[in-house]
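For reference, the structure is listed below as structure tokens.
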Number of protein chains: 2
Amino acid sequence: MILGAASRLLAESSTGDVSTRAVCDAAGVAQPTLYRLFGDKDGLLAAVVDAGFERYLASKRALAPTGDPAADLRDGWDNHVAFALSSPHLYRLMFVPGLGTEPAAVKEMHTLLRRTVDRCATAGLLRVPAGAATQIVMSANTGLALSLVTHPGLFPELSLSALVRDIVLAGVLTGADPAPVHSGADEATAIAAITLAAILRTAPPAALTDGETGLLLEWADRLAATHLAAPAVGATGVRRTQLSPSTSTSHSLSQGDNLS
Amino acid sequence: MILGAASRLLAESSTGDVSTRAVCDAAGVAQPTLYRLFGDKDGLLAAVVDAGFERYLASKRALAPTGDPAADLRDGWDNHVAFALSSPHLYRLMFVPGLGTEPAAVKEMHTLLRRTVDRCATAGLLRVPAGAATQIVMSANTGLALSLVTHPGLFPELSLSALVRDIVLAGVLTGADPAPVHSGADEATAIAAITLAAILRTAPPAALTDGETGLLLEWADRLAATHLAAPAVGATGVRRTQLSPSTSTSHSLSQGDNLS
DNA sequence: GAAAAGCTGTTATCGTCGATTACATGAACA
DNA sequence: TGTTCATGTAATCGACGATAACAGCTTTTC
């Protein structure tokens, strides 16, 4: 069970790397055995990547296509991010190859996404060509997941993924509003609050005391952020993915998030 | 000139890694010298990152703030992507740290972006809170750049960055249309063409010969892709960044791109 | 002016890692 | 029974990151 030991050690590793010796020790074999079975350390890691990708595709198949391809697209995004967060090291191995080694599995994922996009297209939901939409969603999705994985400190917002997702999908699909869903007067209110908050922050007015400015700022922030918690694209029939309870759409910004 | 040798070797490296021995040989010094000056290999790489970041910030300052903060935001995006493509290995060192070592420079860049976003906010151009907008743009920008850098084979489209950029900025700014700029009948035409192309590709009709289907497909693709070459958000006063002649907005899809 | 202190750079070496060679063992088959 | 081949091991190699011990040189101090 060399492969299992490698996967386990990788997941437990703090640096995201494993030594062939450690893998062999954990598996109870000598090094040449590993090298005969996998040929190379890269071969071993490729096998680990393949196994991880098998798991990823399994979770992908669990999200069977529904009648709502736009919702499927959204669930696919969430599922992808959840997988990345669940095994960061493995994700980095899968999507940040050593510059030259392209795991074939990535292309398979690309075609999988393409299928969902095509279903959107045949339903008349696409406003950009299917190929462009696929690349846009794919790069934005993996890119965001990589950012979340490699900069856990910089982007502590759990809802960031949902925000970017809704914006990107709204830019690709028809009939989908970008993340902030407000209408008419609400939109004007939100924008005014956002503008005021920015002005207060960069140039506090002399007419108000610091305490007053702070309180006003708090209210403005609250006004500006309310719409971020609203459900967005494809609001009907929201399904939860098994892996991502925390990245779902309806997650509000109640806890420590500071998006102001 | 140990640092210069390290930077040069890193840029020329094929794996994105350098050995301290190679650096010392190239610099004409012995290893302990390097370790006395930089303490560690990580210390050396951190210095390389700092130097690269100095260059990045220099190119950033060259894009002095104009009266159009939205255009500044766009130029900043292009500049970022151009930097990533110009030195992929360095970029990966800067933005894919070893999981634990957060280069302080990244935070500095974050605040730099925040300043531009705040200028948009005070101009009333923001439809999401400034903090959220900063995180959205930042993660999408670095994420896309990482995708372009680490998967040069999967995303060969030079215009992909511009597409994602316009979509993301449109989701964050007011008065900015998402990438496909079409109006009225044009939009209906494009969507119909996209839908038809997708249907033809997934289920070729029996009423047409293969040749006829192919020709029809070509025309539909052309109809669907025309609007992708149109200028987008902040169309007035488009400035070119020094580093990114190829990622500019007006770049058309004439060459080998296949976004269909 | 000579000695002490400190910076700068060297040679030689250690432990770890990825990878390989040469060899041992045991089952399948003629 | 002897050959073959798959499977495993001990021992080893070269490259790497890192360090100890030592040598030259400038600066400071008495």
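Within every chain, numbering begins at 1; the chains are lettered A, B, ... in the order of the sequence lines, protein sequences first and strands thereafter.
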Pairs of donor and acceptor atoms involving the side chains of residues 3-13 of chain B, under 3.5 Å and at least two apart or interchain, shall be tabulated with distances.
unit_1 : atom_1 : unit_2 : atom_2 : d
B/S7   : OG     : B/L3   : O      : 3.1
B/S13  : OG     : B/T15  : N      : 3.1
B/S13  : OG     : B/G16  : N      : 2.7
B/S13  : OG     : B/D17  : N      : 3.3
B/S13  : OG     : B/D17  : O      : 3.3

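In terms of the side chain to side chain donor-acceptor pair (under 3.5 Å) criterion, residue partners of B/S147 (sequence neighbours excluded) are, by chain and number, A/T142. Residues that satisfy the side chain to side chain donor-acceptor pair (under 3.5 Å) test with B/R115, not counting sequence neighbours, are absent from this structure. Every residue two or more places apart in sequence or in another chain that forms a side chain to side chain contact (heavy atoms under 4.5 Å, CB included) with B/Q31 is listed here: B/T20, B/R21, B/C24, B/Y35. Under the rule for a side chain to side chain donor-acceptor pair (under 3.5 Å), B/S139 has no partner lying at least two apart in sequence or in another chain. Under the side chain to side chain contact (heavy atoms under 4.5 Å, CB included) criterion, B/L57 pairs with B/F53, B/R61, B/E108, B/L112, not counting sequence neighbours. In this structure B/Y56 satisfies the side chain to side chain donor-acceptor pair (under 3.5 Å) test together with B/K60, B/H80, sequence neighbours excluded.
Here chain A contacts DNA chain C (any atom closer than 4.0 Å to a heavy atom, that is under 4.0 Å), and the contacts span C/dC17 to C/dT21 from 5' to 3'.
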Look for any protein N or O under 3.5 Å of an N or O in nucleotides 13-17 of chain D and output each such pair with its distance, or none.
unit_1 : atom_1 : unit_2 : atom_2 : d
D/dG17 : OP1    : B/V18  : O      : 3.4
D/dG17 : OP1    : B/K41  : NZ     : 2.5
D/dG17 : OP2    : B/T20  : N      : 2.7
D/dG17 : OP2    : B/T20  : OG1    : 2.8
D/dG17 : N7     : B/R21  : NH1    : 2.8
D/dG17 : O6     : B/R21  : NH2    : 3.1

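Look at A/R36 and you'll find a side-chain N or O under 4.0 angstrom from OP1 or OP2 of D/dG8.
B/A30 comes within 4.0 angstrom of a base, heavy atoms only.
Taking atom CG on B/L34 and atom P on D/dT19, their separation rounds to 12 Å, with Å as the unit.
Residues A/V172 and A/V117 are not in side-chain contact: their nearest non-hydrogen atoms beyond the backbone lie 4.5 Å or more apart.
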